[in-house]
Number of protein chains: 2
Amino acid sequence: MRNPPAVFSIAIDLAILTIRDDRLAVLLIERGKPPFAGRPALPGGFVRPGEDLDDTAVRELSEETGLDGRTLHLEQVRTYAAPGRDPRGAVASVAYLAIAPDLPVPVAGTDAARARWEPVDDDRLGRPWLAFDHDTILADALERARAKLEYSPLATAFCGETFTIGELRAVYEAVWQVRLDPRNFHRKVTGVDGFVVPTGERRSPPTGRPAALYRRGDASMLYPAMLRPGTGRP
Amino acid sequence: MRNPPAVFSIAIDLAILTIRDDRLAVLLIERGKPPFAGRPALPGGFVRPGEDLDDTAVRELSEETGLDGRTLHLEQVRTYAAPGRDPRGAVASVAYLAIAPDLPVPVAGTDAARARWEPVDDDRLGRPWLAFDHDTILADALERARAKLEYSPLATAFCGETFTIGELRAVYEAVWQVRLDPRNFHRKVTGVDGFVVPTGERRSPPTGRPAALYRRGDASMLYPAMLRPGTGRP
DNA sequence: GCAAAAGTGTTTTGCTTACACCCATGA
DNA sequence: TCATGGGTGTAAGCAAAACACTTTTGC
């Protein structure tokens, strides 16, 4: 054939996000060998024969963090295959976004010793940081998460089984990097049909009135949407 | 290595959408050889060595339709790599969504003889239709287009350089498969900052008052958004 | 004049915002 | 009783939906 197809390995790279200390954090590993030895990178690994992409994502999530990808939110973001993006050769990367509740610490696992949570902020994303093109991948995954908070119940994936409205608000504030009015937020969230349902339980904060506990409802889309402030005009 | 990476060819498959006779249409080719010989399929082809995914998409678009991908809207949707999705072996497919103005007919090109526009409706998408997993790919690409009409000026990509508000409304109606109130639509569209700008010209329809012509503005996001009706509650 | 499409005005209803205010708890 | 976060009330402003109405063309 005059124009033979290129041949690729396909890697899955995971942007695993959580909220720690009210700040957005991403799980990174320190690369042990070249290329980019010693540099932080998104965890990931190669698709094996007979595996679908989602399977690889679940497996890598488990191997790198001990997290169970079948119970976590996990979604494909996009694919990167620019020539030269991986010095080792033709490697396409399929990026996945994963959302985890606040965890004690990266759990034991094959590669967990090299893993750590790192805070993410717009400042850090503006400067070169991660190995390969992982800065771009992280930025794209984060933008996906930011957008999906608006019209999907994704924010609940950052929370445990039950959560308070205040915790849910902390998720929105950390991911969007904005301050939201607690009073309006409360009304908005509880007014969206199927977003959260009260459990009847309460939880006492360190100080202050106990907050009602909620669990995730069955809505897959939010209506009305939780629109980001500032997306509008000046 | 105990778990060697799988090796893939990567294909680009294009969901090229346009509006013809006020109906949404997709460009399909008839497959000439097995697998799926004689079945309709999305146009596409393999990534070549040294090519980035976007480059392949632009090249294939040109080869199959004569369209210039550099002037058209073209965006990656997602990647499919389920084992067995291509009987020929390990082929991953990166789906692209392309939007074209109404064209006379698929233009001459390498494979253009096999290409044709086919109307798309929800009815047809419900039944098996295309080769490979292209039904799924088309459905995902279409949903992407439907969603982006809400918050981006994507609809203008279906129109020529200049267009009337009525033509723009026809785009929304065809893609969303709904009827929109012409009067409210007019006000909404012209009220969105940077969506459309008047050229000062007019165009006479077969019958009726001449409509003002507009061209695309410089907004990249719409505010307020053009929300789909019916997404809400009953 | 008539049909057809363009475009404006008006009213109702619902969501967002801003902010005052009350509630329940630990120290 | 005070600080702190939880939660409700209210009013202004904007946007969407529904629909009456006027404008401007071809025939």
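Residue numbering restarts at 1 for every chain, and letters A, B, ... go by the order of the sequence lines. If you're wondering where the values come from, they're calculated on a predicted model, not measured in any experiment.
- Between B:D193 atom CG and D:dC14 atom P there is a gap of 15 Å when expressed in whole angstrom units.
- Regarding A:D181, its CG atom lies at a distance of 13 Å from the C1' atom of C:dC21, rounded to whole Å.
- When the side chain to side chain donor-acceptor pair (under 3.5 Å) test is applied to A:D55, no partner is found at least two apart in sequence or on another chain.
- For the pair A:F185 CZ and D:dG9 P, the computed distance is 19 Å after rounding to whole Å.
- Using modelled atom types and a 3.5 Å distance limit, the side chains of B:D13 and B:Y80 yield no donor-acceptor pair.
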With a cut-off of 3.5 Å and sequence neighbours excluded, list every side-chain donor-acceptor pair involving residues 158-166 of chain B.
from, atom 1, to, atom 2, distance (Å)
B:T164, OG1, B:G166, N, 3.4
B:T164, OG1, B:E167, N, 3.1

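- D:dA16 atom P lies 11 Å from atom CG of B:L222, rounded to whole Å.
- Regarding B:L227, its CG atom lies at a distance of 12 Å from the P atom of C:dC15, rounded to whole Å.
- Residue A:L180 contributes atom CG, which lies 13 Å from atom C1' of C:dT16 at whole-angstrom precision.
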Sequence neighbours excluded and cut-off under 3.5 Å, please list the side-chain donor-acceptor pairs for residues 67-76 of chain B, or say none.
from, atom 1, to, atom 2, distance (Å)
B:D68, OD1, B:R70, N, 2.9
B:D68, OD1, B:R70, NE, 3.1
B:D68, OD2, B:R70, NH2, 3.4
B:T71, OG1, B:D68, O, 2.9
B:H73, NE2, B:E75, OE1, 2.6
B:E75, OE1, B:K148, NZ, 3.0
B:E75, OE2, B:R144, NH1, 2.7
B:Q76, OE1, A:R78, NH2, 2.8

For nucleotides 5-11 of chain C, 5' to 3', base contacts (B), sugar-phosphate-only contacts (S) and non-contacts (-) with protein non-hydrogen atoms under 4.0 Å give BBBBBB-

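- When heavy atoms are screened at a 4.0 angstrom cut-off, A:A170 is found touching no nucleic acid atom at all.
- Counting only residues at least two apart or on different chains, no salt bridge (charged side-chain N to carboxylate O under 4.0 Å, His left out) pair has a member in residues 208-221 of chain B.
- Every residue two or more places apart in sequence or in another chain was checked for a ring-ring contact (aromatic ring centres under 6.0 Å, His included) with A:Y151, and none qualifies.
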